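Notes for the one structure printed next.
On a predicted model such as this, the values are computed, not experimentally measured, just so you know.
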Amino acid sequence: MRFRQVHLDFHTSEAIEEIGSHFSKQQFQEMLQLGHVDSITVFSKCHHGWAYHPSTANEMHPHLSFDLLGAQIEAAHEIGVKTPVYLSAGLDEKLARRHPEWLIRDPQEKLSWSPDFMTPGYHQFCMNTPYLDILAAQVREVVTRYDADGIFLDIVGVRECYCQSCVAEIRRRGFDPRDLEAMRTLWEETYFRYAKAMDEAVHAIKPGLPVFHNSGHVKRGRRDLVKLNTHLELESLPTGGWGYDHFPLSARYAQGLGMDVLGMTGKFHTSWGEFGGYKHPNALKYETALSLANGARISIGDQLHPTGLMDLATYTLIGEAFREVEAKEAWCADVTSIADVALLSAEAAGEPGTAGQQADTGAVRILLEGHYLFDVVDTESDLSSYSVVILPDVITIDEPLKTKLTAYLAQGGKILATGRSGLSPDGSRFELDFGATPHGAFVSNPSYFRPDFELPSLRNASFVIYADGQDIQLNSNGTSLGSRENSYFNRDLFTFCSHQHTPSNLQDAGPGMVEGPAGVYAAWNLFADYALKGSLPVKEILHYALDRLLERKTVRTNLPAQGVTTLQAQTDNNRWIHHLLYASPVRRGQNVEVIEDLPVLSDIAATVTVPAPVREVYLAPQRTPLPFRQENGSVHYTLPSWSCHQMVVLQF
C-alpha cells in the first residue's frame, strides 16, 4: 500500500453538461506530480448512479463522450501512480427513482438519507433486493475491463431496513418484522451476503486485489466486519464534524488489527463535496503527520470539477503536505505500536450508544493530554504486554471478560475503572477486587470529590463532578484515595441555590476513589465527564490514578497538553521511532475545528525506557545526530527547536 493517496470524488449531476471536456492527460499527470501523489482513487460510478466509462452493466453519464476512467488510469500508471477504483455501492440516485421499492425503509416507511423524493439528496439501497446483482455486475465489469489497483465500495454496512423485501423474507422464515432480534439477524446476514457477492465479483477475476467497504466508521469490537476488507481506510475529516480527537481513537484501535491502514482526511475546509473550499496547508501537514505517528498511511479527499480539470490550488496544497510525508516514509513503514496502556473501548465491549461514545472520547483525550502510550483494544485483544487496562465508565463484566481480566491481573497487570465499569451486569457487586463494595447509584447531582492527594495545578478542594456515579463502601483490603461529598440538595422547583447547582455540604459521604488488589476505581463516569465538560480537576485526578498504577512510563516528555506523542517499532531495522506532534486547533464558524498556526517549540525533553542499549539517536528525516544520555535503562534527550512534527530515531 502506498503512503500518499488522493481520494478523487466525482459525484456529478446529469444536469451538468460537457463532463470531462477539459480533461488533459498532461495536466492530470502534472497535478499528481505537483501533489507528490503515488495513488489516486478514481471513479467508475458516483452517487448519482452514472458510470464514467462505456458500460453494459451501467449507463455512462449522458454528457460524457469518452472513457474518462480509462484515460485517468492510463495517465496515472504512465507516471507510476496506482489507481484504486471507486463505485458507489449504497447510493445510486438514477436507479433509486426507477426502483424505489429497492430502497431502505424504516418501520414508518421513511427513506434513508433523504426522507422523500421532493427533497434534494440521495436514497440508500437495501442489499436484500435485486439491486445486489446489478451492483455485482458493475464491479465485475470494472475488474474485467480495467487495470484497477483496488476496489473501493462506498456507503455500505449493516443497515436497519423494513422494505417489503426484508419484511417478506422475515415472514418467509416464520418471524414477525416487529421481532427486533429476528430483524437484526436478517440485517447482519444481508450485509455478509453483500460482502461475499463483492468478494466473488472481484477475486474470481483478480485474486488478491485490494477491496475496502466504507461505512464511514470501523466499528470497534466487530473483527468479523473488519476482516471483510483487505485493508482499512479510516474516514476522519477533522473539519467535517469528526474533530481532531476522532482519528487517534480510530487509529489506535485499527493498528492493532494487523492490517494496512490509511487515514482519510480531506483538503476541504469543511467536508466532502465542498467545491472551492481549502484548509490551511499547516492543517494538512499536521493531519498527515498524525497518520504517520499512528502507524497509518494517508488518503486526502478531493473532488474533481465536472469538466475534468484538476485544481492547481488543491494539488499545491496537497503537495506541501505530501512532500514532507515522502521524506519520512522510510521510518514509517512496517511499524508496530509500543504502548503501556490498553483502553478497552466501550463500543467494543458492547456499549455503542452515546454513553459509550462519550466514555471512549473522554478516555482518549485524557490519554493524549497525559502523553501516555496507549492502544485501543477490544475483548479479543491480547492484554499481556500492557501495564494498565482502562475500563471507561460503562463496561460491566460478564463471565468471559471476567476470565480474561482475572488472568491479566494474575500476571501482574492493573486496572483503572470508573463509574459502572467493573460491576456485574446487574450492578450488585464488583467482579474485580477494588477493595470496595457497591451500594447502587448515588442520587446527588452534582456531587463532589475531595481527593486525599493534591493536584498539580490546584490546592485541595471539593471538586465538582457532573457525571453520575456509584455509592461505594470501603472494604478492609481497600485504600481510600479521596472522599465523595453530596450537594445540600438537588436543584428543584423549591430547592435550588445560585445559578447552576447547590454547593457541597462538606460532609464525607463515603469513598469516591479507592485502590484495591485489582487497581484503582473511581466512582463517577469521569471519562464522559471530561468529554462533556473538559474539567481540569477531572483530568488531573485521572492522571494521578494512572501514574499510581504505572510503575514506569515508557515515554515521559514535557510536551504541552495539546501535543501528541507515540512510539513505533521498526523491528526489521532494529529501531524505535518516537513521534512528537503539536498543533492547537481552534473553533471557527459553527463547530469547525481549524489549524492555522504551527508554533515553534523549544526545550522539549523526553525520557524513553528502552529494553537494550541504544547505539545512536538522530532526528528524522533530517538524519541529524541528537545528543543523548543513557542510564538506568533509559535514554534522555532534548530536541532542538521544531514545529508540527518531529521524529526521533533510537537505533539499537
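Scored by the side chain to side chain contact (heavy atoms under 4.5 Å, CB included) test, P248 finds L290, V364, L368 as partners (sequence neighbours excluded). Residues that satisfy the salt bridge (charged side-chain N to carboxylate O under 4.0 Å, His left out) test with R615, not counting sequence neighbours, are absent from this structure. For F628, there are no ring pair (Phe, Tyr, Trp, His ring centres under 6.0 Å) partners two or more places apart in sequence or in a different chain. Applying the salt bridge (charged side-chain N to carboxylate O under 4.0 Å, His left out) rule to E189 yields the partners R173; only residues at least two apart in sequence or on another chain are considered. When the side chain to side chain contact (heavy atoms under 4.5 Å, CB included) test is applied to A605, the partners found at least two apart in sequence or on another chain are N558, T638. D508 is linked by a side chain to side chain contact (heavy atoms under 4.5 Å, CB included) to S483, counting only residues two or more places apart in sequence or in another chain.
Looking at D382, its side chain does come within 3.5 Å of a backbone N or O of S384 through a donor-acceptor pair. Between the side chain of Q358 and the main chain of G353, no donor-acceptor pair closer than 3.5 Å is present.
D426 CG: more than 12 foreign heavy atoms inside a 6.0 Å radius. Within 6.0 Å of CD in Q630 there are more than 12 heavy atoms belonging to other residues, nucleotides or ligands. For K219, the NZ atom is loosely surrounded, since the number of other residues' heavy atoms within 6.0 Å does not exceed 12. When the shell of 6.0 Å around CG of D468 is examined, it contains 12 or fewer heavy atoms from other residues, nucleotides or ligands. Counting non-hydrogen atoms of neighbouring residues, nucleotides and ligands closer than 6.0 angstrom, the CD atom of E551 reaches no more than 12 such neighbours. Counting heavy-atom neighbours within 6.0 Å of D547 CG, excluding the residue itself, gives a total above 12. Counted within 6.0 Å of CZ on F496, heavy atoms from surrounding residues, nucleotides or ligands total 12 or fewer; the atom is thus considered open.
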Next on the checklist: The test is ring-ring contact (aromatic ring centres under 6.0 Å, His included); show your working for H645 and Y582 and say whether it passes.
Outcome noted: CA-CA 7 Å; H645 178 220; Y582 183 76; over 10 Å; no
Checklist entry - Between S447 and N486, does a side-chain hydrogen bond (donor to acceptor under 3.5 Å, both in side chains) hold up when you go through it step by step? => result CA-CA 5 Å; S447 55; N486 292 328; 5.2 Å; no
Next on the checklist: For a side-chain hydrogen bond (donor to acceptor under 3.5 Å, both in side chains) check, start with the C-alpha distance between T239 and E593, then their side-chain angles and the critical distance, and finish with the verdict.
Outcome noted: CA-CA 5 Å; T239 53; E593 291 190 13; over 6 Å; no
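Evaluation of the salt bridge (charged side-chain N to carboxylate O under 4.0 Å, His left out) test over residues 440-465, restricted to residues two or more places apart or in two chains, returns R450-E485, E454-R459. Contacts classified as salt bridge (charged side-chain N to carboxylate O under 4.0 Å, His left out) and involving residues 345-358 (residues at least two apart or in different chains) are given here: R220-E347. Applying the salt bridge (charged side-chain N to carboxylate O under 4.0 Å, His left out) test to every pair with at least one member in residues 510-524, sequence neighbours left out, gives these pairs: E515-R548. Here salt bridge (charged side-chain N to carboxylate O under 4.0 Å, His left out) pairs that include residues 232-248, with residues two or more places apart or in two chains, are D245-R365. Pairs passing the ring-ring contact (aromatic ring centres under 6.0 Å, His included) check and including a residue from residues 343-372, sequence neighbours excluded, read Y372-H543.
Put simply, CG on L581 and OG on S643 are 10.5 Å apart, with the number rounded to the nearest 0.5 Å.
Taking 4.5 Å as the limit, some side-chain heavy atom of S487 sits within range of a side-chain heavy atom of P446. With a 4.5 Å cut-off on side-chain heavy atoms, Y448 and I465 do not count as touching. Within the 4.5 Å cutoff, the side chain of L580 has heavy atoms near those of the L559 side chain.
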For residues 412-422, tabulate all N or O donor-acceptor pairs below 3.5 Å that involve a side-chain atom, not counting sequence neighbours.
{"from": "K414", "atom 1": "NZ", "to": "P517", "atom 2": "O", "distance (Å)": "3.0"}
{"from": "T418", "atom 1": "OG1", "to": "D393", "atom 2": "N", "distance (Å)": "2.8"}
{"from": "T418", "atom 1": "OG1", "to": "D393", "atom 2": "OD1", "distance (Å)": "2.6"}
{"from": "R420", "atom 1": "NH2", "to": "P425", "atom 2": "O", "distance (Å)": "3.4"}
{"from": "S421", "atom 1": "OG", "to": "L391", "atom 2": "O", "distance (Å)": "3.1"}
{"from": "S421", "atom 1": "OG", "to": "D393", "atom 2": "N", "distance (Å)": "3.1"}
{"from": "S421", "atom 1": "OG", "to": "V394", "atom 2": "N", "distance (Å)": "3.1"}
{"from": "S421", "atom 1": "OG", "to": "I395", "atom 2": "N", "distance (Å)": "2.9"}
{"from": "S421", "atom 1": "OG", "to": "T418", "atom 2": "O", "distance (Å)": "3.4"}

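If you run side chain to side chain donor-acceptor pair (under 3.5 Å) between D433 and each of N475, T406, N477, only N477 comes through.
Aromatic ring orientation, W524 versus F442: perpendicular (interplanar angle above 60°, classes split at 30° and 60°).
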